[in-house]
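In this chain, numbering begins with 1 at the start of the sequence shown.
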Amino acid sequence: MDTVDDFTNEELEDYPNQKKKDTAKFKRRQLGLSCMLNTEVGAVLAVIRRYPEFSPLYNTSSPEETYDSSIVSSLRSLRSLIFNPQQEWRFIDPSIYLSPFLDVIQSDDVPASATGVALSSILKMLKFQLFDDKTPGAKEAMEAIVAGITSCRLEKTDPVSEDAVMMKILQVLAGIMQHKASNLLNDQAVCTLVNACFQVVQQSVNRGDLLQRSARYTMHELIQALYSRLPEIEGNDREGDSESDIEDVDDSDGLESGYGVRCAIDIFHFLCSLLNVVSIVEADGSTTHTADEDVQIFALVLINSAIELSGDKIGNHPKLLRMVQDDLFHHLIYYGTWSSSFVLSMICSTVLNAYHFLRRSLRYQLEAFFGHVLIRIATLGTTIQLQEVAVEGIINFCRQPTFIVEIYANYDCDPFCRNIFEEVGRLLCKHSFALNGHLTSLHIQAFEGLLIMIHNIADHIDKVDDRAPLGPYTAQLVEYIPFWEEKEKDDDDLEAWVEHVRITKIQKKKLLIAANHFNRDNKKGLEYLKHAKLVSDPVDPKAYAYFFRYTPGLDKKAIGEYLGDPDAFYLQVLKEFTDTFHFNGMGLDPGLRFYLESFRLPGESQKIQRVLEAFSERFFDHQSSDIFASKDTVLILCYSLIMLNTDQHNPQVKKKMTEEEFIKNNRAINAGQDLPREYLLELFQSIASNAIVLDQTIVSLDMSQSKWIQLINRSKVTRSFVQCEFDHRICRDMFACIAGPSVAALSSFFEHADEEELMHECIEGLFSVARIAQYGIEDTLDELVTSFCKFTTLLNPYASTEETMFTFSHDLKPRLATVAVFTLANDFRNSIRGGWKNIVDCLLKLKRLRLLPQSVIDFDVPADAPITPGSGAFSPTDDSKFGSHRFPSIMTRLSLLSQENTEDGLTLGSEFEQNLKMIKMCRIGSIFGSSSNIPKECLQNLGRSLVFAAAGKGQKFSTPVEEEETVGFCWDLITAISLANVHRFQLFWPSFHDYLLAVAQFPMFSPIPFAEKALLGLLRVCLKLFSAQREDKLAEEFIFKSITLMWKLDKEILDMCHEIISQTMSKIVIEYPANLQTQIGWKSVLNLLSVAWRHPETYDYGIEALISLFSEGTNVTRNNYAYCIDCAFGCFLAKNSPIEKKKKILDLLADSVHLLIQWHRSIYSDPGSNVSAASINSSSSAEDNYRGPSNANYNMNLFVKLGEAFRRTSLSRQEEIRNHAVYSLHKSFNLAEEMLYVSSNCINYFNLVIFAMVDELHEKMLEYSRRENAEREMRSMEGTLKLAMELLSAMYLQSLKQISESPAFRAFWLGVLRRMDTCMKADLGHYGPSSLSEIIPDLLKKIITQMKDEGMLEPREDDDMWEITYIQIQWICPPLKDELFPL
């Protein structure tokens, strides 16, 4: 409220009272502060008076006023001002009331107790906030306090008093940094404070534990106060190019006043130096490191606090950041390799903190820490404790949300870095293996870390809100991309960055392949680089240079030879290779050593010169000192060092070079001047004591000084650490790197785990791996399924049924494994391939063990499916894609299973109930019933496993009954998945058919019961397939090919399954004839329908189907007409079948000529089929005839086929059927008059049908006449022959006109006369004369009369028909001669 107008009326009334209260409160505070000061002054004076020997004033007879010390005077003067302040205390210069106390503290004459009281007084003033940062003279006062405290004079007394004073000093130091005016302190004052505190820390080592703890706590408080202010300090944007640019940093560092980043840098440097408190002890020829672990741990605690409080703001201050990058990490990596477990643990915490806040600037430092410390110790640690600490450190990193994806993207996908993610993953897998069968804490710890990695990947690859489709998302290197070029992450184009990361990973893999080729054949290796698009065409020298420089495992001798090659191209390669080295801040000796570590110096002098010239030029360019006048000086000195190395370390050189000789050899090489003697001596001692190994093949694992300098220099010129989130494509690639070891580790750990909790963790890992494997790593899931199927104990071939049952009922592990395996089969069936074989084997074993109750395996039979015998199949259930949101429900079921297993007092009944509950948890039914959407490849593998299992592959049957049940069970499952996938039958069934062909070739294959059960299942599928209209015709062909294959394996199967075959085929023909679209379909259906004629109980199925088919007529086409006739003919051959129904079919066949007439009229169209049909004749099947519905003979051939059916039916044993067949033939002939207008067609029909029928009936009659007691059959056949002859006569006369036009009429007429003669002279033996002789004359008379009337039979000079007929009539029936041929 700024004005009176801002107050309400009530507030205006209360304003005077409030003002009075505030005034009273202010006066109380001021009075209280005065009293406090008075008390403190009195306390100090009282202590001083207690020790007169320290104050001459009290040892003289003179009055106090005449002999007073300056300290007492200042205190008394202060007391006189205390209660008469001219203004409030916070506006009074603090030095007025602080100076007397500081004098006491700095005085050598006062006792320790007085110093302690004075320190307490200072502390009290600081805590009471007598002044603040706005008080005049506050800055000088704070600096005076610092100066006074740090120069505190302490009279030597007893240790207890000294400790008390030092405790007071610590409290004041902390109070100074916690005071509001502490921000007025300059950098020097803060550094002085910290230094004073550390001195107390050092002095407290030999004193009491309380003082030591207090000193360290105060140090911690000072560090916290200092670095908590660092985020408020603005960063200095000036990046210096040299290490000395710290001197250019302004003291204020972005603040108007007070300490800044300079003291933070100095103190951080001081803390880093504390890590280096290490002494080297040489004894018995060995060197040991003795470190003050206590100091190191103390320093690490303080460094951790500094990083935690400063956070990422350290990155705003280049010098401080470089100190973290260089000094801190160099110490951490160096001491981390051989420190104790406690120190290593603290180092890991420090690095983890640095990762959190500064990882963008610590890319190569983090890589070095993992590679040289954690992975190395975890692999090669001298003690289990160290290994456990290292593994725990790795796990802590893995717990961070994005750590694993970041190290994969930054290191594993960088051709020049180690595969940190892969190494960590494989390390954890390795330590998860219990080689001796006993799980230790290290095994459990490593397994925990592995699970963290797997769960982390799974949770991000399978997010609930992720709509990305499943798949491997294959990345391909389709064009040349320089593998050494880095791409910055662009948040606006993450897709491009993800693609770049994946491509670089591919390049890295191919570089390793190229290295393998290169080591075997250098030229092939370089050619592979071109083939793999790792180098351009023409080749860029930089590509070869980076390949030689950074590809691990290359033959160093070969690299040296290439680098020394005089070819211009390889000279450029040498230059580019040398340019990858950064020698800033590196001496000549370590620089040369590091350079020669990357290849083997060639033996030829000219090559050596070229290599050293390149090194000298690069090294000289990177030197900031002026010790070398030119690069020639470096070159000469390099030669000299190599020669010295050979001289000192070659055993064949007896007389070694001395220091003086070495110095003498290098005189005047520096542009005519000598190099410093001390410098040359240093080089000599270095080479003499440590040889340059020119042919080393093993790279040292230690982080040498030269390596570290290279790392720091390289970090300055490359991109920073990329912070990124998970991407499902990268997740897939990540896990692919460790998939194999992870599966092996999971299986091994589960095998040796005894505790329930550990087994549950394994199952959780199993499901997470499955979630990842959905994305194109199906082989991994197959391996996992195969491994865990082993733990179910169901696949043990040596265990008896009783042993398996006992183990399965009393051991939790196999039960958990069983539920896990079948849960995988349910939720991840889309990703399982080869693993189906093991799942099917487990399922069959459960079936044999009777652990699958009927309630589990029963299924609802569809209304349109026939009832078939079998062992049952599974009821389909709805199931969705498995994801992370379903994960808890699975583990809940497993927990319930384990709880039930722990109940005591198991009985036989309870065991059965537990098994039943366990089977229900498996949800076996939905595996097969809900398989409608699984991928084609997965479905094919499942089908293959079931078909092969049904054929007995990998199965052992103890009894035929067991075999039959197993085979039936397998085919029920095959049927279930086929029905569920009938909508894409044409896609998967060809493979199933190939499997059926394959099992038929098995050496010990038995078609029974395989083919029988197969046929039953295929018929169910067939019925389902035709229950709906389908555009695709391939499915129809595939199903009937398989059905035909099965019954051809053993034709007795047709009789064994006749009822279901007849029922199914009849239903298809009656209800779904329109859905049969192919020729092979109709042929197969009608052929199988013919099975109905074999058994009286199925005869009605066939009859009803044929009647329905021919009655409607719409589904009889030119393509199936011949098959319909063949099927119908089989009906006429059946014994004891209803005559009326046979006659009905004969009538329908005769009426079917109307269809032939229609087709004849529209010869170029076929409404019933789109497939080319075959012409049909009497001696060949439809498939063997020429194709094409447009052929003019096509319909005539079908008519002939029909006539042949009547002809063959006329030989039936049943006279009524024979005679009706003749009548039907006549009827069909009359209806087909339109088709017989061509004389050749008519004559052909007579020859194939009419004449053949007459001949066959005549022969049959004569056959009966030769039998005993066959007169009735003979006379019956004779009657049919009479009808046939009458039919012949009538049909001849009916077709006489078109027949007479044929050139073959004469021969045809002789054929008619010959058959008349045969029947006229038929000899029936002892049965007497034939009655045919009674009708033949009349038939001849009728025929000849009509021929004469139509002028076809007349005497002509150019035609002998008249004479031939005359002769034949005279031979057949002489009495007709005179009547028909009068003279």
- Query: Between Met346 and Asn304, what is the shortest heavy-atom contact and its length?
  - Reply: CE-ND2, 3.7 Å
- Smallest heavy-atom separation, Met657 atom then Glu661 atom, equals CA-OE1, 3.3 Å
- Task: Classify the side-chain pair Tyr595/Ser706 by whether it contains a donor and acceptor separated by less than 3.5 Å.
- Result: no
- Query: So Tyr570 and Tyr562, would you call those rings parallel, tilted or perpendicular, with 30° and 60° as cut-offs?
  - Reply: tilted
- Note on the structure: The reported gap from CG in Asp326 to CZ in Arg322 (rounded to nearest 0.5 angstrom) is 9.5 Å
- Query: Hey, what's the ring geometry for Phe547 with Phe518, parallel, tilted or perpendicular (30° and 60° as the breaks)?
  - Reply: perpendicular
- side chain to side chain contact (heavy atoms under 4.5 Å, CB included) evaluation trace for Leu588 with Leu641: CA-CA 10 Å; Leu588 179 62; Leu641 290 177; 3.9 Å; yes
- Task: For Asp266 and Arg262, run salt bridge (charged side-chain N to carboxylate O under 4.0 Å, His left out): C-alpha distance rounded to whole Å, both residues' side-chain angles, the deciding distance at 0.1 Å, then the answer.
- Result: CA-CA 6 Å; Asp266 291 343; Arg262 176 181 289 278; 5.1 Å; no
- With sequence neighbours excluded, what pairs up with Glu576 under the salt bridge (charged side-chain N to carboxylate O under 4.0 Å, His left out) test? none
- Do Asp187 and Val261 have side chains that get closer than 4.5 Å, going by heavy atoms? no
- Taking only Lys NZ, Arg NE, NH1 and NH2, and the carboxylate oxygens of Asp or Glu, determine whether Arg719 and Glu488 approach each other closer than 4.0 Å. no
- Message: Heavy-atom count check: over 12 atoms from other residues, nucleotides or ligands less than 6.0 Å from His269 NE2?
- Response: no
- Query: Is the closest side-chain heavy-atom distance between Gln296 and Leu274 below 4.5 Å?
  - Reply: no
- Task: Look at the side chain of His331 and the backbone N and O of Asp327, then say whether any donor-acceptor pair between them is shorter than 3.5 Å.
- Result: yes
- Tell me whether the centres of the aromatic rings in Phe721 and Tyr364 are closer together than 6.0 Å. no
- Query: With no hydrogens and no angle check, do the side chains of Lys508 and Asn419 hold a donor and an acceptor under 3.5 Å apart?
  - Reply: yes
- Atom pair NZ/OG1 of Lys487 and Thr504 - distance to nearest 0.5 Å: 11.5 Å
- Are the side chains of Cys417 and Arg363 in touch, meaning some heavy atoms are under 4.5 Å apart? yes
- Query: So which heavy atom on Gly525 is nearest to which on His517, and how close?
  - Reply: CA-CB, 3.7 Å
- Is there a salt bridge (charged side-chain N to carboxylate O under 4.0 Å, His left out) between Glu682 and Arg677 once you walk through the steps? CA-CA 9 Å; Glu682 183 181 347; Arg677 178 182 177 85; over 6 Å; no
- Task: Search all heavy atoms of Ala264 against all heavy atoms of Tyr227 and return the closest pair with its distance.
- Result: O-OH, 2.5 Å
- Query: Does a side-chain heavy-atom distance below 4.5 Å link Phe548 with Leu563?
  - Reply: yes
- Query: Can any side-chain N or O of Gln507 pair as donor or acceptor with the backbone N or O of Ile481 at less than 3.5 Å?
  - Reply: yes
- Are a donor atom and an acceptor atom from the side chains of Asn519 and Asp555 found within less than 3.5 Å of each other? no
- Task: Describe, in one word, how the ring planes of Phe397 and Phe403 are oriented to each other, choosing from parallel (under 30°), tilted (30 to 60°) and perpendicular (over 60°).
- Result: tilted
- Residue pairs passing the side-chain hydrogen bond (donor to acceptor under 3.5 Å, both in side chains) test where at least one lies in residues 633-648, sequence neighbours excluded: Thr633-Asn670, Ser640-Asn666
- Query: Has Lys656 got more than 12 heavy atoms of other residues, nucleotides or ligands less than 6.0 Å from its NZ?
  - Reply: yes
- Tightest non-hydrogen contact, residues Ile314 and Leu321, listed as O-CB, 3.8 Å
- Item | Verdict with supporting geometry, Phe569 and Tyr544, ring-ring contact (aromatic ring centres under 6.0 Å, His included) | CA-CA 10 Å; Phe569 173 78; Tyr544 279 1; 5.6 Å; yes
- Query: Does any donor atom in the side chain of Tyr411 or Glu422 lie under 3.5 Å from an acceptor atom in the other side chain?
  - Reply: no
- Cation-pi check, Arg549 to Phe581: give yes when NZ or CZ is under 6.0 Å from the six-membered ring centre and within 45° of the ring axis, no otherwise. yes
- Query: What are the two closest heavy atoms between Ile420 and Gly371, and how far apart are they?
  - Reply: CD1-N, 4.4 Å
- Would you say Ile407 and Glu367 make side-chain contact, with heavy atoms under 4.5 Å? no
- Task: In sequence, state the C-alpha distance, the side-chain angles, and the governing distance for Lys607 and Glu561, and then conclude on salt bridge (charged side-chain N to carboxylate O under 4.0 Å, His left out).
- Result: CA-CA 8 Å; Lys607 291 184 177 182; Glu561 293 296 329; 2.5 Å; yes
- Mutual orientation of the aromatic rings belonging to His582 and His622 [parallel < 30°, tilted 30-60°, perpendicular > 60°]: parallel
- Task: Would you tell me whether Glu406 and Thr402 have side-chain atoms, one donor and one acceptor, within less than 3.5 Å of each other?
- Result: yes
- Check: Ile307 and Ile303 side chains under 4.5 Å, non-hydrogen atoms: yes
- Please indicate whether Lys510 has more than 12 foreign heavy atoms, meaning atoms of other residues, nucleotides or ligands, lying under 6.0 Å from its NZ. yes
- Query: Regarding Arg618 and the six-membered ring of Phe615, is the cationic atom NZ or CZ under 6.0 Å from the ring centre and inside 45° of its axis?
  - Reply: no
- Query: Does some side-chain heavy atom of Phe583 sit less than 4.5 Å from a side-chain heavy atom of Gln710?
  - Reply: yes
- If we only count heavy atoms from C-beta on, is the Phe268 to Lys319 side-chain gap below 4.5 Å? no
- Task: Report yes or no: does Asp589 contribute a side-chain atom to a donor-acceptor pair with the main-chain N or O of Leu683 at less than 3.5 Å?
- Result: no
